[in-house]
Amino acid sequence: MPVNAATPQTLSISHDESAHLLREHYGVDPVRLTAMHSELSTVARVDLADDRSLVFRASCGTPEELEAARWRIGAMDHLAARGVPTGRTVPSADGSPIVSVELDAGPAILHVGEWLDGVMLDSAKPTPALMRSVGRVAGEVSAGLASWPAPPVDVGHPWELTRTLETVASTIVSVTDPATRAVLDAAVERFASVVAPVLPTLPRSVVHHDLHDSNLLVDTGAERISGVLDFGDMVFGPRIADLAVPAMHAGRAAEDPAEAFLLVAEGWGRAGQFENTVQLEEDEIAVVFDAGLGRLAVNLSVWTDRARSDRADYARARSSRTERTLRLLLAADRGRMLEGLHRRLG
Ligand SMILES: Nc1ncnc2c1ncn2[C@@H]1O[C@H](COP(=O)(O)OP(=O)(O)OP(=O)(O)O)[C@@H](O)[C@H]1O
Ligand SMILES: N[C@@H](CCO)C(=O)O
């Protein structure tokens, strides 16, 4: 089964155990631990006596997960070395980027990184400068990951662009509201007719694939992205994902999501000042907007489905504003969007 698949394992450990692991493996004595929300792992902010803050993560650690974790953390450090704010790894006392341990809960992987300051993009004011910064950072992530090796083990997840139609098909049964269903059907139809036929031929690389508005931190004073989080969904796939996902999600807080999409694309295009920037090909520019519609359809369909579970509040939070955004983007003049994207990315 691929790592990151439909039935991934969770790991929850206490503050006491986390503090003990930090002392034993990292030689640091936390003054305070603050639990952060995590879908599968234990994640905590760690405050130290010298005013430094770190982030500690303990995840389930099967041998396959261990290889995938090395690959992901290596990518984060590779990007950090290129100036992307991913939060550098803090090595363990013996100099390792990750630590493999046997806990009562089972085998686990520990990682410690720099804490990054900022507020989540979904609660920041979506100014034009901030939208451009989203695109610029996404372009830098894409350029950095272009030279990162393909995954050493089979990784995959239902959010992948390549699985858009199958994921919506397997969750849409939970969408009972006729108005929501109509929006989803329209987005799926666009993806099926415009994107799906060319998707297998588009350029691929390693992609972050989850640059959404809760995985990007913002320095609100400077109106720029100050943190890129959560490399857990990294896969090898169509590289347009790393523009389509942030451009769609950045627009969820904007009055005009279509304009926000174009501003994010503009920022990506401006990343051309940086070494090894990815210049998208004509075929990619032609479908990136409709690919984003597919991704929002997956978000709406999956979280509507999961809202039936005991994680209902989290599910609703993850998809709030999606339907409105999708509705506005489907109504946007597609010809104008394509012309605008060509001007900014071509
Ligand atoms: N380096 C960091 N600096 C600041 N905050 C961080 C950092 N890493 C993680 N966080 C915080 O911890 C939370 C969980 O981290 P992350 O998103 O990486 O975990 P996750 O297991 O993928 O969780 P989920 O999928 O539920 O978002 C983030 O939403 C963020 O609030
Ligand atoms: N990929 C999901 C969240 C899981 O990180 C989303 O788009 O809501």
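Ligands are counted one by one from 1 in listed order, and the atoms in each one are counted from 1 as well.
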Under a 4.0 Å heavy-atom limit, does Leu229 contact ligand 1 with its side chain, its backbone, both, or neither?
-> side chain
When you look for heavy atoms under 4.0 Å from ligand 1, do you find them on the side chain of Val55, its backbone, both, or neither?
-> side chain
Considering both backbone and side-chain atoms of [X], is one of its nitrogen or oxygen atoms within less than 3.5 Å of a nitrogen or oxygen in ligand 1?
X      : answer
Leu40  : no
Arg57  : yes
Ser41  : no
Ser214 : no
Asp230 : yes

For [atom], which protein heavy atom lies nearest, and how many Å away is it?
atom                    : result
atom 4 (C) of ligand 1  : Leu116 O, 3.2 Å
atom 7 (O) of ligand 2  : Arg295 NH2, 3.1 Å
atom 3 (C) of ligand 2  : His212 NE2, 3.6 Å
atom 6 (C) of ligand 2  : Arg318 NH2, 3.5 Å
atom 6 (C) of ligand 1  : Trp115 CZ3, 3.7 Å
atom 20 (P) of ligand 1 : Ser38 OG, 3.7 Å
atom 11 (C) of ligand 1 : Met36 CE, 3.8 Å

Tell me whether [X] contacts the main-chain N or O of [Y] through its side chain, where contact means a donor paired with an acceptor under 3.5 Å.
X      : Y      : answer
Asn215 : Asp210 : yes
His209 : Ala241 : no
Thr86  : Met76  : yes
His25  : Leu21  : no
Trp303 : Ser320 : no
Arg321 : Asp122 : yes

Under 3.5 Å, is there a donor-acceptor pair linking the side chains of [X] and [Y]?
X      : Y      : answer
Asn299 : Ser319 : no
Ser142 : Arg239 : no
Arg295 : Thr164 : no

Which atoms of ligand 1 sit under 4.0 Å from any heavy atom of [X]?
X      : result
Met120 : 29 (O), 31 (O)
His37  : 13 (C), 14 (C), 23 (O), 26 (O)
Val43  : 12 (O)
Glu114 : 1 (N), 2 (C)

Below 4.0 angstrom from a heavy atom of [X], which ligand 2 atoms are there? Numbered from 1 as shown, please.
X      : result
Asp210 : 1 (N), 2 (C), 4 (C), 5 (O)
Asn299 : 6 (C), 7 (O), 8 (O)
Trp303 : 3 (C), 6 (C), 8 (O)

Could you state the interatomic distance from CD1 (Ile109) to CG (Leu11), rounded to the nearest 0.5 Å?
->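 Output value for this atom pair is 9.5 Å.
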If you look at every heavy atom in Ala186 and Leu330, which pair is closest and at what distance?
->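 Closest pair (atom of Ala186, atom of Leu330, distance): CB-CD1, 3.9 Å.
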Please walk me through it: do Val228 and Glu140 pass side chain to side chain contact (heavy atoms under 4.5 Å, CB included)?
-> CA-CA 11 Å; Val228 179; Glu140 290 172 358; over 6 Å; no
Report yes or no: does His157 have a heavy atom closer than 4.0 Å to ligand 2?
-> no
Less than 3.5 Å between some nitrogen or oxygen of Asn215 and one of ligand 2, yes or no?
->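 Between Asn215 and ligand 2, no N or O pair is found under 3.5 Å apart.
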Hey, is Asp230 close enough to Arg57 for a salt bridge, meaning N to O under 4.0 Å?
-> no
Under a 4.0 Å N-O cut-off, is there an ion pair linking Arg327 with Glu323?
-> yes
